[in-house]
Amino acid sequence: CIILCVFGVIARPDADALIKPHRLPFAHELALHGLHLRGRSFDVRIDGRNFAVCSGDRTIRASIGETVVVASQDGALQPAN
């Protein structure tokens, strides 16, 4: 439940992963390291109203409430449309 409910990690049928974390009132800083999903490894860090997703040498930052996509084919990180 932590991975889905707090960090908002969802595996799509096309094998991409959606990341849309939720802010918790009692924990402003949280991190999930080394999550392996469908051949990709990434980290998610929540810091107050923002979060970052890191995969290899790539990092994308977004605001809580926004969604980041980890592409299954090349591990690209991008904002969701």
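Please read all numbers here as calculations on a predicted model, not as lab measurements.
- The number of heavy atoms from other shown groups lying within 6.0 Å of CG (L4) is above 12.
- Of all heavy-atom pairs between C54 and T59, the closest is SG-OG1, 3.4 Å.
- Taking CZ from F42 and CZ from R58, the interatomic distance works out to 13.5 Å, rounded to the nearest 0.5 Å.
- Across K20 and G65, no two heavy atoms sit closer than the pair CE-O, 3.1 Å.
- In this structure, R45 CZ and R61 CZ are separated by 6.5 Å, a value rounded to the nearest 0.5 Å.
- The CD1 atom of I10 sits 11.0 Å away from atom CG of L37, with the distance rounded to the nearest 0.5 Å.
- Taking CG of L32 as the reference point, atom CD1 of I3 lies at 5.5 Å (rounded to 0.5 Å).
- Among all heavy-atom pairs drawn from R23 and I64, the shortest one is N-CG2, 3.8 Å.
- Contact detail for S63 and F51: the closest heavy-atom pair is O-CE2, 3.3 Å.
- At least one donor-acceptor pair closer than 3.5 Å links the side chain of S55 to the backbone N or O of S41.
- For I46 against H22, the heavy-atom pair with the smallest separation is CD1-O, 4.1 Å.
- Checked options V44, L18, V53; the residue passing with V68 is V53 (criterion: side-chain contact (heavy atoms from CB on, under 4.5 Å)).
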